[in-house]
Amino acid sequence: MTFQVTPFIALNGNAREAIQFYESALEAKVVFMQTFGEGPEDPSHPLPTHAKDLVAHAVLKIGEAELFVADSISDNPNETGNRLQICITTPDTRTSARFFDALLEGGQVVMPLQEVYFSPALGIVTDRFGITIQIFTPRDEVKDGTVQ
């Protein structure tokens, strides 16, 4: 796998509205969408009821390019300047850790690099230039009905 760099729009509860707008304005096609409520429950971090219908992740195809769109359920709402992020998809967790650590030089952790249900390594850092970057490693293909 080669690296993939994708723009990521993080919104405060109006991701569906933005998606509908981009479908109309840019002829975008939704190729994937999942709400927070459709993900697995984490008893140590219960999901607020109001967040269950919010968009956890959507992938829009605009021409040959992809755009990621999601709602944020963080206590710190996204503001002008941090709504647009960059998502770097890496081929393995070692590369994710290397990139994450390098971006931290003079930067700040938004979310520690960690395993989550859809990724063995996901982390978010704001670099020393004020750019918020998500580092993401996809899970291997499903084998024998289980995610590897």
Side-chain angles (χ1 to χ4, degrees), residues 1-42 45 47-100 102-104 107 109-127 129-148:
M1 166 192 239
T2 58
F3 300 110
Q4 180 178 333
V5 178
T6 308
F8 189 110
I9 299 174
L11 297 166
N12 296 320
N14 59 340
R16 285 182 194 275
E17 179 184 348
I19 290 166
Q20 290 172 348
F21 174 73
Y22 297 135
E23 285 178 306
S24 173
L26 302 175
E27 300 177 3
K29 304 290 182 220
V30 177
V31 295
F32 176 82
M33 185 163 60
Q34 181 178 42
T35 65
F36 285 101
E38 292 170 329
E41 292 285 331
D42 181 355
H45 296 93
L47 188 63
T49 304
H50 76 277
K52 291 187 179 191
D53 290 331
L54 295 178
V55 176
H57 187 63
V59 178
L60 280 63
K61 193 85 165 164
I62 303 170
E64 295 300 313
E66 287 187 342
L67 173 66
F68 295 166
V69 181
D71 284 310
S72 173
I73 58 172
S74 167
D75 292 336
N76 301 320
N78 290 300
E79 301 171 351
T80 300
N82 69 352
R83 286 189 183 127
L84 182 61
Q85 303 175 5
I86 296 170
C87 179
I88 300 176
T89 303
T90 68
D92 56 65
T93 58
R94 250 185 339 270
T95 304
S96 286
R98 191 175 80 239
F99 283 9
F100 189 86
L103 289 167
L104 261 181
V109 172
V110 175
M111 182 181 112
L113 189 66
Q114 59 191 310
E115 182 173 357
V116 294
Y117 77 93
F118 57 88
S119 171
L122 173 69
I124 305 172
V125 61
T126 299
D127 71 13
F129 302 103
I131 306 301
T132 301
I133 301 173
Q134 298 182 21
I135 304 296
F136 167 73
T137 304
R139 288 226 180 262
D140 290 339
E141 294 297 317
V142 175
K143 297 176 185 169
D144 301 339
T146 59
V147 176
Q148 303 296 314

Show which side-chain atoms of residues 13-23 pair as donor or acceptor with protein atoms under 3.5 Å away, not counting sequence neighbours.
from, atom 1, to, atom 2, distance (Å)
Arg16, NE, Asp53, O, 3.4
Arg16, NH2, Asp53, O, 3.0

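Taking Ala51 as the reference, Leu47, Pro48, Leu54, Ile73 meet the side chain to side chain contact (heavy atoms under 4.5 Å, CB included) condition, with sequence neighbours excluded. Taking the side chain to side chain contact (heavy atoms under 4.5 Å, CB included) definition, one finds that Gln114 meets it with Met111, Pro112, Val116, sequence neighbours left out.
Checking Thr90 against Thr137 by side-chain atom types alone, a donor-acceptor pair falls below 3.5 Å.
You'll find the side chain of Val59 reaches within 4.5 Å of the side chain of Phe68, heavy atoms only. Between Arg139 and Glu115 there is a side-chain heavy-atom pair separated by less than 4.5 Å.
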Would His57 and Phe8 satisfy side-chain contact (heavy atoms from CB on, under 4.5 Å), going step by step from the backbone distance to the final call? CA-CA 10 Å; His57 187 63; Phe8 189 110; 3.9 Å; yes
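Lys52 contributes atom NZ, which lies 5.0 Å from atom CD of Glu41 (distance to the nearest 0.5 angstrom). The CD1 atom of Ile135 sits 13.0 Å away from the OG1 atom of Thr93 when rounded to the nearest 0.5 Å.
With Thr126 contributing its side chain and Thr132 its backbone, the two residues share no donor-acceptor pair below 3.5 Å. With Asp71 contributing its side chain and Val55 its backbone, the two residues share a donor-acceptor pair below 3.5 Å.
Aromatic ring pairs are classed by plane angle as parallel below 30°, tilted from 30° to 60° and perpendicular above 60°; the pair Phe118 and Phe136 is tilted.
Aromatic ring centroids of Phe3 and Phe99 lie under 6.0 Å apart.
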